[in-house]
Trainee: 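Pasting in a structure now, in structure tokens, and then I'll have a few things to ask.
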There are 2 protein chains.
Amino acid sequence: MATGRSTQNNPNAAASNRRSRGRGIPDATVARLPLYLRALTALSERSVPTVSSEELAAAAGVNSAKLRKDFSYLGSYGTRGVGYDVEYLVYQISRELGLTQDWPVVIVGIGNLGHALANYGGFASRGFRVAALLDADAALSGQLVAGLPVRHTDEMEEIVRSERVSIGVITTPPGAAQQVCDRLVAAGVTSILNFAPTVLNVPDGVDVRKVDLSIELQILAFHEQRKAGDDLDDADQEVPATPSAAVVSEGTELEEAAG
Amino acid sequence: MATGRSTQNNPNAAASNRRSRGRGIPDATVARLPLYLRALTALSERSVPTVSSEELAAAAGVNSAKLRKDFSYLGSYGTRGVGYDVEYLVYQISRELGLTQDWPVVIVGIGNLGHALANYGGFASRGFRVAALLDADAALSGQLVAGLPVRHTDEMEEIVRSERVSIGVITTPPGAAQQVCDRLVAAGVTSILNFAPTVLNVPDGVDVRKVDLSIELQILAFHEQRKAGDDLDDADQEVPATPSAAVVSEGTELEEAAG
DNA sequence: CCATCTTTGTGCACGCGTTCACAAAGACAT
DNA sequence: ATGTCTTTGTGAACGCGTGCACAAAGATGG
Ligand SMILES: NC(=O)c1ccc[n+]([C@@H]2O[C@H](COP(=O)([O-])OP(=O)(O)OC[C@H]3O[C@@H](n4cnc5c(N)ncnc54)[C@H](O)[C@@H]3O)[C@@H](O)[C@H]2O)c1
Ligand SMILES: NC(=O)c1ccc[n+]([C@@H]2O[C@H](COP(=O)([O-])OP(=O)(O)OC[C@H]3O[C@@H](n4cnc5c(N)ncnc54)[C@H](O)[C@@H]3O)[C@@H](O)[C@H]2O)c1
């Protein structure tokens, strides 16, 4: 059964292959490294030479024991009684995350969101470089966005290959996301950041992470509702038992091109 | 360790009150409910009356046992031998997530990203309504964005109170995020969606979720690098002259030849 | 060199989340 | 009613992540 394409399982995880688990750094740790790196970079810019796990943990918003354990996976780069060398840690984490090299990225779907991402400075700051902006709308072709010309998706395969792009960002409407994803993967992309509210199916070996604004808001709404309910300290949480309720119209913009 | 302000601890979690009163739905389940809801809505629009856990799980990209267990927390709404009633589930999940009511939202910082979010249709679709767009730049005041006038942050407190806004979205530069957050919270906002790469400190009872593009990319880069490393080396691993000792711990070396 | 003080690195226990596997429940046919 | 077939709901095992608590390591001072 589950032999062809793997659907994204984990919370937001990539194709966490069980096999290549050499000195495997736990996923949870990997997800926090960028957080540490950001805090360390700020310290570095203030020329702070060393930092204790307690201080750094506070800056990153995590538990200090967790931070120390995280760092222990990278090897032991601290000095007892002193703390961690800021510059050295910045280097080690950058290296571990692969930020010491250049990562060409393509953004597909230059609408509202694609525009914003293209203009986002935080991209280039770390090793990420926007190799191309792609859109299926021919009317956009050639138009400059953040100094880069929008190119037609016809050129996708050529660009991915020639620029050695391994990371693709999808900001198309949901109905086009799977198709765009398939083309990116076929062209050689092996990591995808998906902003469309779509479950992407990809072959093994391809990592997908998704950013879903709508889900985040709904989770907040849940907690918000719970807080409100706790305040009132209700007693009636009974189910109305009205199956046919109209409920939220939702208006999903699905164009669902079927499988 | 004072009990003053709580820094965001969990992966991306809100103030997860441990006292799971009444029916405590696990955080992991809550995070998946929107996923199910989306798949169910699509089915609903195609007038599909019932769906099995297997089908729905496939559509949502999760394990079917997990889905069944998730639903079991909501109560048992399935029929054995048949599956789940789509309309009924849509209603139950919407209700559980609090989407049957209206959630006014303010967006603070109407730059590139704020613009995109304001124009995002997916907002209004589910119970979320943009109550106001706020920016500190007076030059933007009055300007129409997505049909709404941008208003100055001076009006924040008044708007939050009069519109009963409980959810705030922060899309300001990182340097302003904490300050904006403080003002939102003081005005009465108890849930914050933060797009700025900043660790926000909030009082207990306030939920913060963050969306961090940069972190997502760095996580992808990590896996990308690992993939590249795995491809390159057949025999020896990549570890380049790490001075510290070998971190031998477990013995389960599952190295697949499979090359 | 010894004493003291700071901070790391980690063993350990605990709780959450995931997944398997299966009995029970119900639909449906005869 | 009875049997068969499908699918749910969940008990139980397991693995991962977290955080406490502490011994070891090293700095610093006398
Ligand atoms: N705007 C937001 O704030 C926001 C927030 C969360 C999620 N999203 C999601 O992000 C995606 C983009 O949102 P948006 O507001 O930018 O939409 P948009 O309509 O403004 O832009 C979509 C762009 O994709 C292009 N496109 C369509 N089909 C394509 C294809 N097959 N190949 C390449 N390009 C194609 C369109 O020409 C358009 O330029 C949507 O899936 C949306 O649900 C957007
Ligand atoms: N653009 C992206 O794609 C992107 C991606 C990831 C993260 N981010 C983050 O999102 C945030 C916004 O990004 P952007 O590209 O839209 O930036 P931007 O500079 O285009 O917009 C920022 C807006 O915030 C306003 N602002 C500044 N200080 C304010 C204050 N104190 N109160 C209210 N408004 C204030 C500014 O006037 C401006 O309009 C940044 O923190 C950025 O790091 C952006």
Trainee: Quick one: B:E54 CD to D:dT8 P, roughly how many Å, whole number?
Mentor: 8 Å
Trainee: Check the phosphate of D:dT8 against B:S53, side-chain N and O only, distance under 4.0 Å to OP1 or OP2. Yes or no?
Mentor: yes
Trainee: Looking only at atom types and distance, does a side-chain atom of B:N194 sit under 3.5 Å from a main-chain N or O of B:T198, one as donor and one as acceptor?
Mentor: yes
Trainee: Quick check on contacts: within residues 30-51 of chain A, what sits under 4.0 Å from DNA chain C by heavy-atom distance?
Mentor: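 Correct list: empty, so none.
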Trainee: Give the nucleotide from the list C:dT7, C:dT19, D:dT7 with an atom nearest to the side chain of B:A65.
Mentor: C:dT19
Trainee: How many whole angstroms separate atom CG of A:D85 from atom P of C:dT7?
Mentor: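 Taking CG of A:D85 and P of C:dT7, I get 16 Å after rounding.
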Trainee: So, does B:K227 use its side chain to make a donor-acceptor pair with the main chain of A:G205 at under 3.5 Å?
Mentor: yes
Trainee: Side chain of A:E55, backbone of A:S52: donor and acceptor closer than 3.5 Å?
Mentor: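 Side chain of A:E55 to backbone of A:S52: a pair is present.
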Trainee: Would you please name every residue forming a side-chain contact (heavy atoms from CB on, under 4.5 Å) with B:T29, sequence neighbours left out?
Mentor: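 With sequence neighbours excluded, B:T29 shows a side-chain contact (heavy atoms from CB on, under 4.5 Å) to B:I25, B:P26, B:R32, B:L33, B:D70, B:Y73, given in chain and number order.
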Trainee: List in chain and number order the residues that pass side-chain contact (heavy atoms from CB on, under 4.5 Å) with B:S166, two or more places apart in sequence or in another chain; answer none if no residue qualifies.
Mentor: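 With neighbours one apart ignored, the set is A:E224, B:W103, B:T190.
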Trainee: Separation of B:I25 atom CD1 from C:dG17 atom P, in whole Å?
Mentor: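 From B:I25 CD1 to C:dG17 P: 12 Å.
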Trainee: Output all residues satisfying side-chain contact (heavy atoms from CB on, under 4.5 Å) with B:S76, sequence neighbours left out; order by chain, then residue number.
Mentor: none
Trainee: Is A:K69 side chain donor-acceptor paired with the D:dT18 base, going by distance under 3.5 Å alone?
Mentor: no
Trainee: Who passes ring pair (Phe, Tyr, Trp, His ring centres under 6.0 Å) against B:Y36, sequence neighbours left out?
Mentor: B:F71
Trainee: Of the listed nucleotides (D:dG17, C:dG17, C:dC22), which one gets closest to any side-chain atom of A:P26?
Mentor: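 Shortest atom-to-atom distance from the side chain points to D:dG17.
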Trainee: Run the numbers on B:D212 and A:R38 for salt bridge (charged side-chain N to carboxylate O under 4.0 Å, His left out), then give the verdict.
Mentor: CA-CA 12 Å; B:D212 198 318; A:R38 185 174 287 151; 2.6 Å; yes
Trainee: Does A:S76 place a side-chain N or O at less than 4.0 Å from the phosphate oxygens OP1/OP2 of C:dG9?
Mentor: yes
Trainee: May I ask you to say what B:Y84 touches in the nucleic acid, namely base, sugar-phosphate or nothing, with a heavy-atom cut-off under 4.0 Å?
Mentor: sugar-phosphate
Trainee: Could you check how far CZ of A:R68 sits from P of C:dT6, rounded to whole Å?
Mentor: 15 Å
Trainee: Any base atoms under 4.0 Å from A:A28, or only sugar-phosphate, or nothing? Heavy atoms, all strands.
Mentor: sugar-phosphate
Trainee: Is there side-chain contact between B:L40 and B:Y84, with heavy atoms separated by less than 4.5 Å?
Mentor: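 When only atoms from C-beta onward are counted, B:Y84 and B:L40 do not touch, as no gap falls below 4.5 Å.
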Trainee: Within the 4.0 Å limit for protein heavy atoms, which parts of nucleotides 23-30 of chain C are touched? Write it as a string from 5' to 3', B for base, S for sugar-phosphate only, - for none.
Mentor: -BBSS---
Trainee: Round to a whole Å and report the spacing from CG of A:L89 to P of C:dT8.
Mentor: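 Spelled out: CG on A:L89 to P on C:dT8 is 11 Å.
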Trainee: With a cut-off of less than 4.0 Å, is there a side-chain N or O of A:N63 near OP1 or OP2 of D:dG17?
Mentor: no
